Structures are given as C-alpha cells and as structure tokens.
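Proteins come first, then strands; the chains are lettered A, B, ... in the order of their sequence lines, and each starts at number 1. Here the structure is a predicted model, which is why all the values come from computation and not from measurement.
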2 protein chains.
Amino acid sequence: MPSSTASAGSARRSGTKGVARADREEQIVEVAGQVFAERGFALASVSEIAERAGISKPLIYNYFGSKEGLLVACLRRGGQVLAEEMERTAALGEVGIARALVTLDGVFRVLEPQPWIWRLLNDPTLARTSEVAAIIDVYQDRVAALARDGVGELMHLAGDDDPVDIDAMTHVWSNVFDSLVTWWVDHPDETPASMTARSSRLFAAVFGADRVGLRGR
Amino acid sequence: MPSSTASAGSARRSGTKGVARADREEQIVEVAGQVFAERGFALASVSEIAERAGISKPLIYNYFGSKEGLLVACLRRGGQVLAEEMERTAALGEVGIARALVTLDGVFRVLEPQPWIWRLLNDPTLARTSEVAAIIDVYQDRVAALARDGVGELMHLAGDDDPVDIDAMTHVWSNVFDSLVTWWVDHPDETPASMTARSSRLFAAVFGADRVGLRGR
DNA sequence: GGGTGATATGACTTCGGGGTAAGTTACCAC
DNA sequence: GTGGTAACTTACCCCGAAGTCATATCACCC
C-alpha cells in the first residue's frame, strides 16, 4: 500500500507528489517559457502548460496567481540572466563592432540552455501592462543603448548627424542584433562559439575586416 | 416614411442600405486589414471589424465565409499590389544597393495608402494553412530572392562563400529591409520620397557613399 | 401591388480559455 | 494516533469569439 515517499503504483486522485514548491515553480516556469515562446503569450493556454508539466491547472494558479503572474515569473528569470550578462560584457570595455560581438557572444552563451527567453522578451503578443513593461524595459533599454552608442559613432564618422537618421538607424541595428539571435535560435546545432565566429565574418563582409578586430588583437 | 434611397431618420432593423456587394466587400477588406494589422490576425475579432465597418457580423460571414476567408481576401489584395510593384522595380535592372533602394522606394509608395499590408504579410500570429501560405510565399520569396542576390554578391566580394554564412546573412538582410519598412510605418509623417532618401543615407553610412549611387548618376 | 432576390440583422449555439471552490492525499510534529 | 499544513485534483463558472439560422427590409420587374 502507498506509504513511502515515492508515487504509488495505481492512480491516486490528488495529494502531494513530494515535490517542494520551489522546485515545482522552477519546473513550471521552464515549461511555461517554452510554451509562451512557441505560441506567443496571448495565444498560449495555461491548460497546455499544465498538461506538458504533468500537473493540473489550479496548481499553477495557486503558485502564480494568474496567467500574467506566470509570465512575470518567466520574464523576471529571463530578464535577469540577460541583464547580468550584458552588464558583464559591457564591463569588458570594447567599443564599436567589437562591443557588439562580445555582447552577442554573451547572449548566445546565456541563451543556450534556454533559447525561449529571447523569443519571450520580444513577443509581439505581449500586453504591455506596467509590471510586464518594467521588466522588459530593463533589457530592451540595454539593447537600445548598445545600439545607440554604436550607431551614433558610425553615423558621425559618415558625417550624418541627423537625429532622425540616427533614430531610424538605431531601430535597424537593434533588428540586426535580433536577427542574428533569432537565426541562431532557429539553428540549434550551432554552438555559441561558432555563431560568434559567424557573426564576426558577417560584420567583416559588410564593414570590412579591418574594422571588426577585437581590442588587443 | 422611408422610401427613397437614403437612410431613414429612425431605426431600421434590417434591409439593404443601398451598398452593392462589391463596394461593401472592398470596404470590409480595408477595415479588416487595419484591425488584423493592429491586433494580429489571431487576436483580432470579427465582431470588432463589423462594428468598425458599421455593419453586422453575419454580413461578413455571408460575403467571406469565415474569418480565414476574410484574411485571404485581405492577403490577396495586399500581396498582389506588392508583388506587382516589386515586379515593376525589378524590371528597372538596378543591382546591388541601388536595387534595394528602388525596391524600398516602390514599397513605400505602394504602402502609403494602406500601411497595414506590410504588417499583415509579416503577422507572426498567422496560422500558415495552405491557402494562406501560398499567398504569403509569393511575396516572401520575392523579398528573399532580392536578399539572396544582393547578399551573394556582397559576400563573394568579401571572399566569403560559405553557404551557411550566406543563409544567415540573407536572413539578416531581409530583416533590415523589414526594419526600414516598419520604422516608416511607425512614422506616418514621412513621405515615401523622404524615406527613400533617408534609407539611402543610412546605406551610405554603412557601405560608404561610393557604393550606394544609382545607376546613371 | 405582389413576387423575387439582394442586402442586411438579432438572437442563438458552441467551444475554448481564464479563473475558482471545495475537496483529497500525504507528510510531519507532538 | 491525530491534527495541521503543504501539495495536489476534479468539477465547475463565466465570458468572449467563431460561426449559424431565421427573419426583416428594400429595389426592381411585371
């Protein structure tokens, strides 16, 4: 008869499975992140998340309060690891193309175990309520700042200081960054290292090899 | 009492408003395109479209059969005008950056009265059923071909003929094209001509002014 | 002026998704 | 053992959105 910690042989209707809340929450966030990224937040269903996690829907509501609460948990985890990594690469002190490259490299490495983070942070179906927006802004401001710096320098060198040109270029450049990450997310065989090398070759083809070298090389 | 063609003073429950089917269909497609682009197809509601068009929901179903049928009608109209325009600019025989510029210019001009077309054709919430996919592919293949040509040339000049590099670069370049269009869609004050000029300056800043000139200049 | 077909609509059904109430099982402290 | 609590589930409510049916009004033709 069922008495030890392991699950019993036959169907039990309810009752604990011996998983602590913190562990369960982490597992749910992991599954939810994947589902949100696959379908888009608005089109994802909590039922599917529960099913894929092997638990029931009310447990999710018990732990996270609402679908948006679950989203916030995913976003917080994802946003934090990304922000920390960008902080780290920013401290390396690279500039220009090299700065973009080390940032990309860091992002690739951080995203490798959880590629859903990037899709989720760029999910177009997100309703930007205040709490959600606050978390997203942390990382998006960072990407935008990175873009603005590099773009400002590039445009100034080209003799174009029109602020609207710079704004448009920043938008384009942010999308280039995003394109490289999404291409990589769609090609899981690629390692972070090989993807960074690939990005470097692409930059070299556009800007010329002489403008892409890392500092100190 | 109501007998002439114009609407009567007080509430009429049903009956014709004197709008021919073809005209009504065109009006519905126009409104639907805007709503689909705003919310994304999957998140848009037929009721809202009906409301904004000042008609009732069953009329839409009577004319288009289903929500997807309405989408197909929007896509067909949008895809056709874009494909025709790209056909036209392709016949101009420009190459390299200049080809991208005349294509962008054509797209800006065509999109000016209906900017929703671009968003709709790139809607990430679209369920790609066979009929929908067929229409989208017509235009997406065209953009991809445009990208592949230009990218192939650029990469070859840079001495990089790795096919995977070219594939990644094509993806990035398609996104650059898309970025310029979406930036413009978000800045409605900009005329097509000024946006083309702006794009030209941005290309010049990246590639160098000497590589951007149009043929015959 | 009366039938016919096109243009329209109110009221309905169905279904899936978010969210909840109430109960069930297992473990732990005493 | 027994009471409390943490970990769970079944069965339900509510709402909004897709899609349908029966009906109403109008224009036109004779």
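At least one side-chain nitrogen or oxygen of A:R24 sits closer than 4.0 Å to the OP1 or OP2 atom of D:dC8.
The side chain to side chain contact (heavy atoms under 4.5 Å, CB included) test applied to A:T191 returns A:A193, A:S194, not counting sequence neighbours. Listed by chain and number, the residues in a side chain to side chain contact (heavy atoms under 4.5 Å, CB included) with B:D189 amount to none (sequence neighbours excluded). With sequence neighbours left out, the ring-ring contact (aromatic ring centres under 6.0 Å, His included) criterion links A:F203 to A:W173. With sequence neighbours left out, B:R24 forms a salt bridge (Lys or Arg N to Asp or Glu O under 4.0 Å) with no residue at all.
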Under 3.5 Å, sequence neighbours excluded: what are the donor-acceptor pairs made by side chains of residues 68-78 of chain A?
unit_1, atom_1, unit_2, atom_2, d
A:E68, OE2, A:T129, OG1, 2.8
A:R77, NH2, A:E30, OE1, 2.8

Return a table of donor-acceptor pairs under 3.5 angstrom between the side chains of residues 137-145 of chain B and protein atoms on other chains or two or more places apart.
unit_1, atom_1, unit_2, atom_2, d
B:D137, OD1, B:R128, NH2, 2.8
B:Y139, OH, B:N122, OD1, 3.0
B:Y139, OH, B:N122, ND2, 2.9
B:R142, NH2, B:E87, OE1, 3.0
B:R142, NH2, B:E87, OE2, 3.2

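Between A:E84 and A:Q80, the side chains place a donor N or O and an acceptor N or O closer than 3.5 Å (distance only, hydrogens not considered).
Summarising the geometry, atom CZ belonging to A:R99 is positioned 10.0 Å from atom CD belonging to A:E153; distances are rounded to the nearest 0.5 Å. To the nearest 0.5 Å, atom CZ of residue A:R119 and atom CG of residue A:L111 are 10.5 Å apart.
Residues from residues 28-52 of chain B with heavy atoms under 4.0 angstrom of DNA chain C: there are none. Non-hydrogen atoms lying under 4.0 Å from DNA chain C are contributed by B:L59, B:Y63, all within residues 59-72 of chain B.
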Filtered N/O pairs between nucleotides 2-5 of chain C and protein, under 3.5 Å:
none

Show me the protein contacts with nucleotides 22-25 of chain C, counting only N or O atoms at under 3.5 Å.
unit_1, atom_1, unit_2, atom_2, d
C:dT24, O4', A:S14, OG, 3.2
C:dT24, O2, A:S14, OG, 3.0
C:dT25, O4', A:S14, O, 3.4

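Comparing the axis of the opening five pairs of the helix from C:dG1-D:dC30 to C:dC30-D:dG1 with that of the closing five pairs yields an angle of 10°, rounded to 10°.
Screening residues 22-49 of chain B for ring-ring contact (aromatic ring centres under 6.0 Å, His included) gives B:F36-B:F41 as the qualifying pairs, with residues at least two apart or on separate chains.
Pairing each heavy atom of B:Q34 with each of B:W116, the nearest pair is CG-CD1, 3.7 Å. For the residue pair A:S199 and A:F108, the shortest heavy atom distance occurs at OG-CE1, 3.9 Å.
Inter-residue side-chain proximity for A:L104 and A:W184 is flagged as unmet; no heavy-atom pair is nearer than 4.5 Å.
The only option from A:D123, A:T182, A:D178 that meets the side chain to side chain donor-acceptor pair (under 3.5 Å) definition with A:W118 turns out to be A:D178.
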Derivation of the salt bridge (Lys or Arg N to Asp or Glu O under 4.0 Å) call for A:E190 and A:R198: CA-CA 10 Å; A:E190 199 96 354; A:R198 192 181 301 290; 2.7 Å; yes
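Between the CG atom of A:D23 and the C1' atom of D:dA6 there is a distance of 14 Å, rounded to whole Å.
Nearest-nucleotide positions on DNA chain C place B:A22 closer to the 5' end than the other of B:A22 and B:K57.
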